[in-house]
Amino acid sequence: MTYDAVVIGAGHNGLAAAVHLVHKGWKVAVVEANEAPGGAVKTRELTLPGYRHDLCAMNLSMFAGSAFFNHYKQELTAHGLDFVPAPHCFASVFRDDTFLGVGTDVEQTVAGIAALSPADAQAWREMLADFSRVAPHLFGVLGAPMPSRALAPVLWRAWRQLGTQGVYGMLRLVLSSPRDFLDAHFENDKLKAMMAAWGLHLDFAPDTAGGAMFPYLESMSNQAFGMVIGKGGADTIINAMTGLLRAKGGELMLGTPVSEVKLQNKHAQGVVLADGRFLAAKRAVIANVNPQLVFGKLVPPGTCPPVFEKNVRKFRPGPGAMMMHLALSGLPDWKAGEALKQYAYVHIAPDMAMMSKVMTQALDGQLPEEPALVVGQPTAIDPGRAPDGHHVLWVQVRVVPGEIRGDALGQITERDWASAKHAYAERVLDIIERYAPGLRGKILGQAVYSPADLEAENPNLIGGDSLSGSHHLDQNFLFRPVAGYSRYQTPLSALYLCGASTWPGAGTGAGSGFMLANMLAKR
């Protein structure tokens, strides 16, 4: 069988690339080792029948704001894509049983901040007003190949509209740590902790350079635009993309592992499937796969220049995550107030000291004594994911070691995740109970995915790294995944990479797949 392009991996980036290339007239096949498409974007009945849980990704705001969605909005909607807005986006709870939250009601957000610091309330308003000027330029950078000619007019417009100092401010934001950026703008520790918690969604502790941009963008974007989740589950985007792909004539082959990228004279000719079949690719093989799984496995060692292969081997995963999914008879009873039941996300990361400690402990191979928790309450917004009156809870445990060397509290003696995960899950439940007493009495079913389980589910998540590679400055922008190869190409002609391991990184924005497809379709 011969195609113009073969895409390895049916994650949302691979599907975005395939949809766009098919739209441009290419004959495309997408091959996926798992029986279900989606990569880290899957929704299943993980606990009990009728309770639909997002396995990994839950927040679809990046997809809803993406260039890919904007281009195919009508067609994706026709194939069933549907979002549910979350007017109460995220909140943080604190040790004194108070909370601070952000929603689409600016006055409500500002009132909560003003109760802590009138000066910070004014600073928040000023930052939000400035965001309306700065955001188009930041999103322009994030939406351009790195480097590219398309980036030049983005920076030119930024300079023309913001001035030299404005461009310096953008650069300072990109390079700053969360603590330095937040200390420069606010005085109240609770507000700063609420925003800094977003850094841990990637792998940025409060004092890690380059970590300020994500807390800034998430805080301001949620205030300005709100958050959305998928109607019925995050897999609404996958179902719509696969439906659109097939409607345009693309092929999707599930349960079809690839064993080899076939090469001749350092040119990718196609892929060999595990069952021996060969799929020829006349124009491109696109691997929506972590580069460490491509080079050395799908491509034999020694095929690429030694410096490239060395840098791929050095491509560093972020710390691991653990996922807990609960079927509940009712939402948590938060001590900080009933209003918390309205929020899509509740962060349990009450201060920067614990955020710094959890990252250090995890990177040292220790089970953290107090991990940061992202508690998702999707049924507070989309009740159809559970039977009437019941709920699902989505808990992301950030961060934990991929390989366990010890326990920071000295209580868990197991050193493999299969043995340790349930004991560690009890520690997580203890933490939630501290802020929402009685949660255990509401649990009807539970599913725990350790870092090892997440990697088994999706081999791209090496060590349970949900980011598919650390986003620290030495692995971001021009350096993602390898310096000199940030434009999705590889040293092998016609073999390309996309996905979270490539620029612009993790998230549901489908940026790398769409940008790559645009670049290829013009050739």
Side-chain angles (χ1 to χ4, degrees), residues 58-59 86-103 105 108-117 120-121 188-198 200-201 219 222 227 229 322-358 368-383 386 389-398 409 411 424-446 448:
M58 172 184 145
N59 179 359
H88 297 87
C89 305
F90 71 94
S92 282
V93 289
F94 305 107
R95 300 189 194 280
D96 61 357
D97 297 327
T98 61
F99 81 92
L100 184 63
V102 173
D105 185 333
Q108 186 178 57
T109 301
V110 170
I113 297 172
L116 301 173
S117 166
D120 282 353
N188 185 267
D189 288 340
K190 289 181 178 179
L191 173 57
K192 289 186 279 189
M194 180 190 74
M195 296 178 70
W198 281 106
L200 294 181
H201 282 249
S219 298
N222 278 281
M227 180 187 292
I229 64 174
M322 188 170 88
M323 295 300 308
M324 292 177 60
H325 300 285
L326 307 178
L328 300 177
S329 60
L331 286 170
D333 293 313
W334 298 99
K335 289 168 71 175
E338 281 288 305
L340 273 175
K341 291 184 177 181
Q342 304 173 71
Y343 283 85
Y345 276 171
V346 177
H347 288 131
I348 304 181
D351 54 66
M352 289 202 197
M354 67 78 59
M355 294 184 215
S356 297
K357 183 184 290 186
V358 68
E369 60 185 274
E370 185 184 17
L373 306 180
V374 187
V375 181
Q377 303 181 123
T379 42
I381 303 145
D382 184 21
H390 288 201
H391 292 272
V392 298
L393 209 66
W394 179 99
V395 183
Q396 189 174 64
V397 184
R398 302 204 66 90
L409 285 181
Q411 297 173 348
Y424 199 68
E426 289 302 310
R427 182 174 298 175
V428 171
L429 291 176
D430 286 343
I431 293 171
I432 301 177
E433 286 264 358
R434 159 69 182 81
Y435 295 92
L439 177 70
R440 279 189 172 91
K442 298 186 178 195
I443 297 175
L444 306 174
Q446 176 176 304
V448 180

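The shown structure was predicted, so the numbers you read here are calculated from the model rather than taken from an experiment.
- Considering CG of Leu444 and NE2 of His391, their distance stands at 11.0 Å, rounded to 0.5 Å.
- Under the 4.5 Å side-chain criterion, counting only non-hydrogen atoms from C-beta, Met58 is not in contact with Val374.
- At least one side-chain heavy atom of Pro332 sits under 4.5 Å from a side-chain heavy atom of Leu393.
- Across every non-hydrogen atom of Val392 and Thr379, the tightest pair is N-OG1, 3.2 Å.
- Residues passing the side chain to side chain contact (heavy atoms under 4.5 Å, CB included) test with Ala339, sequence neighbours excluded: Phe99, Gln342.
- Between Met227 and Ile381 there is no side-chain heavy-atom pair separated by less than 4.5 Å.
- Under a cut-off of 6.0 angstrom, the local environment of NZ in Lys357 is sparse, with at most 12 non-hydrogen atoms contributed by other residues, nucleotides or ligands.
- The salt bridge (charged side-chain N to carboxylate O under 4.0 Å, His left out) pairs that include a residue from residues 345-356 are Arg95-Asp351, where partners are two or more places apart or lie in different chains.
- Heavy atoms only, all atoms of each residue included: Ala380 and Lys341 are closest at CB-O, 3.2 Å.
- At distances below 3.5 Å, not a single donor-acceptor pair connects side-chain atoms of Gln377 with backbone N or O atoms of Val346.
- Closest of all the heavy-atom pairs between Ile113 and Ala121 is CG2-N, 3.5 Å.
- Classified by interplanar angle (parallel below 30°, tilted 30° to 60°, perpendicular above 60°), the ring pair His88/Tyr343 is perpendicular.
- To the nearest 0.5 Å, atoms NE2 (His347) and CG (Leu200) are separated by 8.5 Å.
- Of all heavy-atom pairs spanning Met352 and Ala196, the tightest one is CE-CB, 4.0 Å.
- Side-chain atoms of Asp333 and Lys442, non-hydrogen and from C-beta on, do get closer than 4.5 Å to each other.
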Notebook entry, point to check: Could you walk me through whether Tyr345 and His201 pass the ring-ring contact (aromatic ring centres under 6.0 Å, His included) check?
Noted result: CA-CA 12 Å; Tyr345 276 171; His201 282 249; 5.8 Å; yes

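- Looking at Met355 and Arg398, their side chains never come closer than 4.5 Å, going by heavy atoms from C-beta outward.
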Next item on the list: Step by step, work out the side-chain contact (heavy atoms from CB on, under 4.5 Å) result for Lys335 and Asp96.
Entry: CA-CA 10 Å; Lys335 289 168 71 175; Asp96 61 357; over 6 Å; no

Notebook entry, point to check: How far apart are the C-alpha atoms of Arg434 and Ile348, what are their side-chain angles, what is the distance that settles it, and do they pass the side-chain contact (heavy atoms from CB on, under 4.5 Å) test?
Noted result: CA-CA 10 Å; Arg434 159 69 182 81; Ile348 304 181; over 6 Å; no

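- Here the closest non-hydrogen pair linking Ser219 and Met195 is OG-CG, 3.5 Å.
- With values rounded to the nearest 0.5 angstrom, Trp334 atom CH2 is found 6.5 Å from Ile432 atom CD1.
- Heavy-atom minimum distance, Phe94 versus Ala193: CE2-CB, 4.3 Å.
- The CD1 atom of Ile229 sits 11.0 Å away from atom SG of Cys89, with the distance rounded to the nearest 0.5 Å.
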Next item on the list: Kindly determine whether Leu439 and Leu328 satisfy side-chain contact (heavy atoms from CB on, under 4.5 Å), including the steps that lead there.
Entry: CA-CA 8 Å; Leu439 177 70; Leu328 300 177; 4.0 Å; yes

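- A distance of 9.5 Å separates OG1 of Thr109 from CG of Asn222, quoted to the nearest 0.5 Å.
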Item checked: Chi angles and distances behind the side-chain contact (heavy atoms from CB on, under 4.5 Å) call for Arg427, Gln411 -> CA-CA 10 Å; Arg427 182 174 298 175; Gln411 297 173 348; 3.5 Å; yes

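- For Asp382, the side chain to side chain donor-acceptor pair (under 3.5 Å) partners two or more places apart in sequence, or in a different chain, are Arg385.
- Ionic pairing of Lys192 and Asp120 is not present here: no N-O contact between side-chain nitrogen and carboxylate oxygen is shorter than 4.0 angstrom.
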